[in-house]
Amino acid sequence: MDRERVADVLEEIALLLDLKGESPFKSRAYRSAATTIRALDRDLAELVRTGGLTALPGIGSALAEKITTLVDTGSLPYRDRLRAEVPRAAAIAEFLRIPGLGPRKAQVLAEKLQVGSLGELEYACHENRLLEIPGFGARAQEKILKGIERLRSYRGRLLLGDALPLAEELRAALAAAPVVTSAAIAGAVRRGEETVGEITLVVESEDTQAIVAALSRLPRVRDASPLRDASRITVSLDAGVPLHLAVVRPEGRACALLHRTGGAAHLGALQERARKGGLDLREDGLYRGREQLPCPDEEAVYRALGLPFVAPELREGLGEIEAAEAGTLPDLVEERDLRGILHVHSTWSDGRLSIEEIVDRCSALGYEYVGITDHSQSARYARGLTPESLRQQQMQIGEARRGHPEIRVLMGSEVDILPDGSLDYPEEVLATLDFVVASVHSSFGLKEAEQTGRIVRALRHPRATILGHPTGRLLLAREPYAVNLEEILSTAAREGVCVELNANPHRLDLDTAACRLARSLGARVAIDPDAHDAAGLRDARFGVAVARRAGLTAAHILNASPAGRLDEALARRR
DNA sequence: GCCGTTTTCGGCCCGACTGTTTTCAGTCG
């Protein structure tokens, strides 16, 4: 069993223990172990073999034994026993995704209403049956109904952060099959959409049957039997989205990739353009009459249509063809343009890497600088730093600086924007920092005018450098708080504060449209991983995808500035 | 269930908000 699956089981056990009413510290131990396993950047099976599990923080002999059983056998009797002891556990786990429902309330609902699925719970709400349950009222019922509706709209979608690695894994597995000449990622994943409902690959091969056979051997493929015709295969994946395969001959590869990448509006416009030029752009090739024009790659297709290559992230029918025609396509930012990262959490607050580990890894990743930003004092849940612990941390950062002359280590902080719009440290503390990421972590429920006013006030603070995750949304989980984004972005531009494109795949906040707005209003963007572990340090790529979709160039990005120019970029009006 | 200059037991992350209450449990970040 692989790392992710093991972590899922540990989390399931944590929930089952909560539902059984066992010590919350016990379930916390399982949750913490799940997080550790998920964030592992070594091979789990190898770690099990060498007996290194207990060296990991929070994993003792009992957890090591269970993890070993899971890796070796793929199952765990302890988990199965717990499942049998907790009725309706699967339904309760589903209910937990409804905002406002935790394990306690979810369990009460499942038991009192005798419901075993979201659909049944929804029906019970419509019958006003929640009103009879102590602790629930009309508002709770309404909120749950809204939550279920929202969950339904999330169903069958994956975060780009899950879909892209999955697509890469599937692509590599197919490319390694002897009957396959090449395999490429297409579809919404290639366009860098924030969430996707399918994974699409274009595979060059002469043998569709052999591909179906190869697919059926892949662990993530659930059902490889459906076969539509010789050139199209759709199978279901364990991740809950379909995998579409286009099987093509070499001469049809470029046009198939173009078609399967989309988007629909872009493709429609290209076909219209082809038609006007006496051509026919089809999925199997570009034709003049019955003659197929040679197009070895997508560049050649665009060239035949009189256009320069259009990056997949821009193919949304939002003016990119006109820009291509006029020669004004932007020189889109690339991951390698990022010279450093400025939003990283360490073990001083809720991160899992020490300062030394962060600096080591960022140096190995080739970054010129890294900004450490642990939480400020009001963020108690995240063990936010008091002024005194911040001072101690800065001494440790000083040591890391001396040990790593090759990378610049900045002392920052992710400072809470308090409900009144003030920052969570006094001026004399803020003055010791190289930069400040100011973020909202509380009072999400303010009315739009108040929330906007609160953030605007924080932006006017002369110590604010970057506005963290400006809308607070969590993709497929939590809607953004109510804010007037245009007012915030124009204030940021005016005040010289950068706005964050938080690259954590659960956030991607700002989103594509908001990044376009930021660009048009003149606000600079910081692509921040908001990393809490080793894997998180590599999340900037997802932010880069969003930035590219918004047409941003390196010049728009704060952390594309070289180290030597960073002070100037961070300085603002001080 | 983990951990230890608190070391084999007794701690372990906590304050604000919400909706339901009439004194607070549950949820959230």
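Letters A, B, ... are given to chains in the order of the sequence lines, protein chains preceding strands, and every chain is numbered from 1.
Comparing the same atom, P, in B:dC3 and in B:dC13 gives a spacing of 13 Å after rounding to whole Å. Between the P atoms of B:dT27 and B:dT20, the separation comes to 13 Å (whole Å). Remark: the separation of the P atoms in B:dC12 and B:dT6 is 13 Å, to the nearest Å. Distance noted for atom P between B:dA16 and B:dT21: 24 Å (whole Å). Look at the P atom in both B:dG10 and B:dC17: the space between them is 36 Å, to the nearest Å. Separating the C1' atom of B:dC14 from that of B:dG4 is a span of 23 Å, rounded to the nearest Å.
One atom, NE2 of A:His375, and another, P of B:dG15, lie 17 Å apart when rounded to the nearest Å. Distance CZ (A:Arg139) to P (B:dT18): 10 Å, rounded to an integer number of Å. Distance CZ (A:Arg383) to C1' (B:dC12): 11 Å, rounded to an integer number of Å. Computed from coordinates, the A:Phe136 CZ to B:dT21 P distance equals 11 Å when rounded to whole Å. When rounded to the nearest whole Å, the span between CD of A:Gln377 and C1' of B:dA16 equals 16 Å. Remark: C1' of B:dC2 and CD1 of A:Ile59 are 10 Å apart, rounded to the nearest angstrom. Here B:dG1 presents its P atom at 17 Å from CD of A:Glu11, a figure rounded to the nearest Å. For A:Leu53 and B:dC2, the CG to P distance is 11 Å, given to the nearest whole Å.
A:His343 has its ring centre no less than 6.0 Å from the ring centre of A:His532.
Base pairing of B:dT8 is not made with any nucleotide, judged by Watson-Crick or G-U wobble geometry with both donor-acceptor distances under 3.5 Å.
A:Asp8 has a carboxylate O that lies under 4.0 Å from a charged side-chain N of A:Arg38, or vice versa, which qualifies the two as a salt bridge. For the pair A:Asp374 and A:Arg383, the salt-bridge criterion is not met [side-chain N within less than 4.0 Å of a carboxylate O]. Salt-bridge check for A:Asp72 with A:Lys66: failed, with every basic side-chain N at 4.0 Å or more from each acidic carboxylate O. Between A:Lys112 and A:Glu132, no side-chain nitrogen of the basic residue sits less than 4.0 Å from a carboxylate oxygen of the acidic one, so the salt-bridge criterion is not met. Using a cut-off of 4.0 Å between Lys/Arg side-chain N and Asp/Glu carboxylate O, A:Glu194 and A:Arg473 are scored as salt-bridged. Contact check on A:Arg28 versus A:Asp18 returns no salt bridge, with no Lys/Arg side-chain nitrogen under 4.0 Å from an Asp/Glu carboxylate oxygen.
Residue contacts for A:Ala14: at a heavy-atom cut-off of 4.0 Å it reaches no nucleic acid atom on any strand shown. Within the nucleic acid shown, A:Ser61 comes within 4.0 Å of sugar-phosphate atoms alone, with no base atom in reach, counting heavy atoms only. Using a 4.0 Å heavy-atom cutoff across all strands shown, A:Tyr78 reaches sugar-phosphate atoms only and no base atom.
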Enumerate all atom pairs, one protein N or O and one N or O from nucleotides 25-29 of chain B, separated by less than 3.5 Å.
from   : atom 1 : to       : atom 2 : distance (Å)
B:dG26 : OP1    : A:Arg104 : NE     : 3.4
B:dT27 : OP1    : A:Gly102 : N      : 2.5
B:dT27 : OP1    : A:Gly102 : O      : 2.8
B:dT27 : OP1    : A:Lys105 : N      : 2.9
B:dT27 : OP2    : A:Arg104 : N      : 3.4
B:dT27 : O5'    : A:Gly102 : N      : 3.2
B:dC28 : OP1    : A:Gly100 : N      : 2.6
B:dG29 : OP1    : A:Arg478 : NH1    : 2.2
B:dG29 : O5'    : A:Arg478 : NH1    : 3.3
B:dG29 : O3'    : A:Tyr381 : OH     : 3.4
B:dG29 : O3'    : A:His441 : O      : 3.1

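Mapping A:Pro419 and A:Lys66 onto DNA chain B by nearest heavy atom places A:Lys66 closer to the 5' end of the strand.
Relative to the ring axis of A:Phe444, A:Arg478 places its NZ or CZ within 45° and under 6.0 Å from the centre.
Contact annotation: A:Arg28 side-chain N/O to B:dG1 OP1/OP2 distance is not under 4.0 Å.
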